[in-house]
Amino acid sequence: MNELTKSQIDQMEQMSCQDHVVHWELKRGERADIERFISLSRYRGIRHQDGSPLRGQRTHTNARTCRKQIRK
């Protein structure tokens, strides 16, 4: 890396971005999906808003973190 020029580093970044999804693009896409679920009032969107488990996990004895939020 110390021996590479700025143009070579830029070329490597462009090649890697073409083939793969970069971390921040993936996070932005996930957040957009969640916002879409919330705006459509889908079950998963409502669970995201509440901070409750989404995928059918048991909440009676587990999911303590979401129950702490409810008690406050």
Side-chain angles (χ1 to χ4, degrees):
M1 287 298 287
N2 294 335
E3 299 174 2
L4 295 176
T5 64
K6 178 71 172 158
S7 62
Q8 289 174 334
I9 293 172
D10 291 339
Q11 287 177 344
M12 289 175 62
E13 287 178 356
Q14 288 176 356
M15 290 186 337
S16 67
C17 290
Q18 290 174 355
D19 297 336
H20 303 289
V21 177
V22 183
H23 173 73
W24 58 271
E25 290 177 349
L26 184 63
K27 289 291 183 185
R28 184 173 54 178
E30 287 177 359
R31 189 66 203 159
D33 290 341
I34 292 169
E35 291 296 326
R36 185 171 48 88
F37 286 142
I38 291 171
S39 68
L40 295 173
S41 298
R42 300 282 304 261
Y43 178 78
R44 285 178 60 188
I46 294 168
R47 301 295 279 188
H48 267 292
Q49 278 182 327
D50 294 342
S52 300
L54 309 177
R55 299 180 178 172
Q57 292 94 334
R58 181 180 173 89
T59 57
H60 182 72
T61 56
N62 293 336
R64 294 180 188 269
T65 55
C66 75
R67 288 193 293 135
K68 284 180 185 176
Q69 292 173 358
I70 294 172
R71 289 180 187 167
K72 288 183 179 179

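Quick caveat, the model's predicted, so the values are computed rather than measured.
With sequence neighbours excluded, the residues satisfying side chain to side chain contact (heavy atoms under 4.5 Å, CB included) with Ile46 are Asp50. Scanning for side chain to side chain contact (heavy atoms under 4.5 Å, CB included) contacts around Asp10 gives Lys6, Glu13, with sequence neighbours left out. Every residue two or more places apart in sequence or in another chain that forms a side chain to side chain contact (heavy atoms under 4.5 Å, CB included) with Gln57 is listed here: Pro53, Arg55. Every residue meeting the side chain to side chain contact (heavy atoms under 4.5 Å, CB included) condition with Gln49, not counting sequence neighbours, appears here in chain and number order: Ile38. The salt bridge (charged side-chain N to carboxylate O under 4.0 Å, His left out) search around Arg28 returns none, not counting sequence neighbours. Taking the salt bridge (charged side-chain N to carboxylate O under 4.0 Å, His left out) definition, one finds that Arg31 meets it with Glu35, sequence neighbours left out.
Gln8 and Glu3 get closest at one heavy-atom pair: OE1-O, 4.4 Å. The minimum heavy-atom distance between Leu54 and Arg44, with the atom names listed, is CD2-O, 3.7 Å. Taking both residues in full, the closest heavy atoms of Arg58 and Asn62 are given as O-CB, 3.5 Å, listed atom of the first, atom of the second, then distance.
A 4.5 Å side-chain heavy-atom check between Met15 and Gln11 finds every atom pair outside the cut-off.
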Quiz item: After noting the C-alpha distance and the side-chain angles of Ile9 and Met12, does the key distance pass the side chain to side chain contact (heavy atoms under 4.5 Å, CB included) rule?
Solution: CA-CA 5 Å; Ile9 293 172; Met12 289 175 62; 5.5 Å; no
